[in-house]
Protein chains: 2
Amino acid sequence: MTDEAAPPSAVPAGRRAKAATIYDVARAAGVNPSTVSRALSKPGRINVKTEERIQAAARDLNYRLNPMARALPTGRTRTLGLLIADITNPMFFNVVRGAEREATRRGYTLVLAESQESGEREAEAAERVLPSVDGLVLVTSRLADDQIQDLAERGPLVVINREVEGVNSVVPELDPGIEQALAHLAELGHTAIAFLSGPANSWMNRARRESVLANAPSCGMAVAEIGPAAPTLDGGRAAIDAVVASGVTAVLAYNDLMAIGLMRAAQERGLTVPGQLSIIGFDDIFGSDFTSPQLTTVRTPLGRIGEDAVRRALDLIDDTPTAPAATEEPLLTELIVRGSTGSVDG
Amino acid sequence: MTDEAAPPSAVPAGRRAKAATIYDVARAAGVNPSTVSRALSKPGRINVKTEERIQAAARDLNYRLNPMARALPTGRTRTLGLLIADITNPMFFNVVRGAEREATRRGYTLVLAESQESGEREAEAAERVLPSVDGLVLVTSRLADDQIQDLAERGPLVVINREVEGVNSVVPELDPGIEQALAHLAELGHTAIAFLSGPANSWMNRARRESVLANAPSCGMAVAEIGPAAPTLDGGRAAIDAVVASGVTAVLAYNDLMAIGLMRAAQERGLTVPGQLSIIGFDDIFGSDFTSPQLTTVRTPLGRIGEDAVRRALDLIDDTPTAPAATEEPLLTELIVRGSTGSVDG
DNA sequence: GTGATGGTGGCAACCGTTTGCCAATTCTGG
DNA sequence: CCAGAATTGGCAAACGGTTGCCACCATCAC
């Protein structure tokens, strides 16, 4: 009873009783199918009494509109494609969650495609889902700018964490969190820090690096640059030599994964964190508080980013003339101080 | 340039140039639309020369089949619904990834719906996606058995991590990993351990607990049961009092999250892990190796579970007469020994 | 030369909605 | 009481494919 191997006997596919159509409802209510269609999708267009009769008939027959049949004449599927580079990257979880939430709120369904970090597969996946979705959200696209622009011409499209000329994008404001992080380190007495770069061709990596470089001087800090390296645990881990060689007392890593990898490597080498090396990550991913010490990090409002991206895409689709900017709260990053930062050891 | 706030000016939705249809292709190739349809989907049915001519025309016009239009007469969407209770639960990542992979491999697309841990929302979501997918995979359903059975009557359905009478399910074999875990603890000298229960109504929790209870005696160990508690960090954290009171030297938690919460609480209370308390988790989720010490855990082959579930669903849909059981390798759990287990302190 | 055979490709119906157009009916106001 | 407007609901044509059925033609064996 506990855990016998899943029995090999598959249960046969249930005969899907074919669903009621508007014709059935029409017959039951004694009206024309077109009237049923209107009763169900254009409230007020027809007489209240007939509408009620139709509603009742539909309920009786347990009628459900066939989305495919509707999509044919209208060209609208009430479906949104979400293209993500790598489901395994924990930063996506929150994005997906926010996206899912906003989509269901507006009656849309999410179609998921993973490109496994490959631009080619991503283009392929985009082609595959494009004809059956009303819009597309690209989460951390590996596509070139012009490919993205082409895609944007073919339908509503929103990119997350990247800016492409002429394409809608949702990007958080990096400066607030980075300023806080730098101020925090300055306060702790650090004067020489390093930015540990992620992938060289990543728009977000460049943005983060530039913000750090731009804001450091005003805190009286010198910034060395280390990397680029893979945005993974191992990428961070491998950077330890360079970090030690650079002689800095604190590191701002491109993302949490690298920060955690670096922390591990430092500890394995006998360095104390934060005693001898302070480390700050980026994103505040799931698990960044599992480490000892817990990771100090610049949180990105991932959930709200996903939500906003979907909202934008849906506004485009519904031709809502761009939600008044006033209602959209800015997407701010914010420093979360935990245990991996401290004052420099005497 | 670095990170100005996302500009409020939305780029207008590109006018989606309407795509070429088989009629366009037919005209270009000088044949009947039905011939185009056959050329494209029934290889060999028509003359090689004409087929080539049609292929060429299709390529020229950049023709793509309209999935919705195809779905109407055939009733098949080449789409699979994935219902998950909570995207945020890290155990889903791997499941989703495996599912996505197998789905694309077979030319299917995944439609995602989250039920936010609510049975009601789950039923709703199922209703919503059901008419537009060819099958359904339930990841950690909050539905009652009979609701699931009803759903199974309406179309191909597979449940993950749960067994329901008469419904296809994919569940890993728990015994191997649990036996290894118990043997491992026995070898380290533990004789009194506890099982920290997750949600009382969870099928998987019951299965794990029963396997532990069933296998412990043969290792000469006494098992106390603690809980039930929420399957979260806090749920694990809150159990520390009960664990201490029970006087056991090792704990097997329902899942990794609880194990990590418990570890944290133990350490905060000055207990050494594994010195005074050994802890084993379940699943080997992302981040379970971020902790200090890294978590020893019984790994569940989450990715393969997702893959298998999709395979099963697709076999059901394609009426493949249940893949010969021989080809399916069993889904075994396996103990991953890391740092959170050790011999009992003198 | 003829009838059977098999390979090709056209015809038209159908899948379940939506929607423009129009006819019939009811409601207005003068 | 009547013309004109507003409601209401039916008709039929899409939307873009699939597929059963049939006709045509070239072979082929006899």
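Below, chains carry the letters A, B, ... as their sequence lines are ordered, and counting in each starts from 1.
In this structure, the nucleotide among D:dG17, C:dT17, C:dC11 sitting nearest to the side chain of A:Y23 is C:dT17. Checking C:dT8, D:dT19, C:dG16 against the side-chain heavy atoms of A:A69 singles out C:dG16 as nearest. Looking at the side chain of A:T35, the nearest of the listed nucleotides C:dT18, C:dG10, D:dG10 is D:dG10. Comparing D:dT18, D:dG9, D:dG17 by their closest approach to the side chain of A:I46 singles out D:dG9. Set against D:dC15, C:dT19, D:dT19, the side chain of A:K42 has C:dT19 as its closest nucleotide. Each of C:dG16, C:dG10, D:dG10 was ranked by its minimum atom distance to the side chain of B:R38; first place goes to C:dG10. For B:N32, counting side-chain heavy atoms from C-beta on, the closest listed nucleotide (C:dC11, D:dG10, D:dG17) is C:dC11. For B:N66, whose side chain is taken as the heavy atoms from C-beta onward, the closest listed nucleotide among D:dG9, D:dG17, C:dT8 is D:dG17. The side chain of A:R45 lies closest to C:dC21 when the candidates are C:dT8, C:dC21, D:dT19. For A:S34, the side-chain atoms get nearest to D:dA12 when compared with the rest of D:dA12, C:dC15, D:dC21.
Contact between the side-chain N/O atoms of B:K49 and the OP1/OP2 oxygens of C:dT8 is not found at any separation under 4.0 Å. Contact check, B:T74 against D:dT18: no side-chain N or O comes under 4.0 Å of OP1 or OP2.
Here B:E127 pairs with A:R64 in a salt bridge; the nearest charged N to carboxylate O distance falls below 4.0 Å.
One atom, CD of A:E51, and another, P of D:dT8, lie 10 Å apart when rounded to the nearest Å. When the C1' atom of D:dC25 is taken as reference, atom CG of B:N47 falls 12 Å away, rounded to whole Å. Here C:dT18 presents its P atom at 14 Å from CE of B:M68, a figure rounded to the nearest Å. Atom CG in A:L65 sits roughly 14 Å away from atom C1' in C:dC15 (whole-Å rounding). Taking atom CG of A:L72 as the reference point, atom P of D:dA13 lies 17 Å away to the nearest angstrom. In this entry the distance linking CG of A:L40 with P of C:dT19 reads 13 Å, nearest Å. With rounding to whole Å, B:D24 atom CG is found 13 Å from D:dG17 atom C1'. The interatomic distance linking A:R76 (CZ) with D:dC15 (C1') rounds to 15 Å, in whole Å.
Nearest-nucleotide assignment on DNA chain C puts the 5′-proximal partner with B:V48, out of A:R64 and B:V48.
For the pair A:R106 (side chain) and A:V310 (backbone), a donor-acceptor distance under 3.5 Å is absent. A donor-acceptor pair is defined here as one N or O able to donate and one able to accept, closer than 3.5 Å; no such pair exists between the side chain of A:R162 and the backbone of A:S169.
Side-chain atoms of A:V111 and A:S132, non-hydrogen and from C-beta on, never get closer than 4.5 Å to each other.
For the residue pair B:S115/B:R142, the side-chain donor-acceptor check at 3.5 Å is not satisfied.
Here B:S37 lies in heavy-atom contact (under 4.0 Å) with a base. If you check every strand for non-hydrogen atoms under 4.0 Å, B:V36 touches nothing.
Between B:T77 and B:A71, the shortest heavy-atom distance links the atoms CG2-CB, 3.9 Å.
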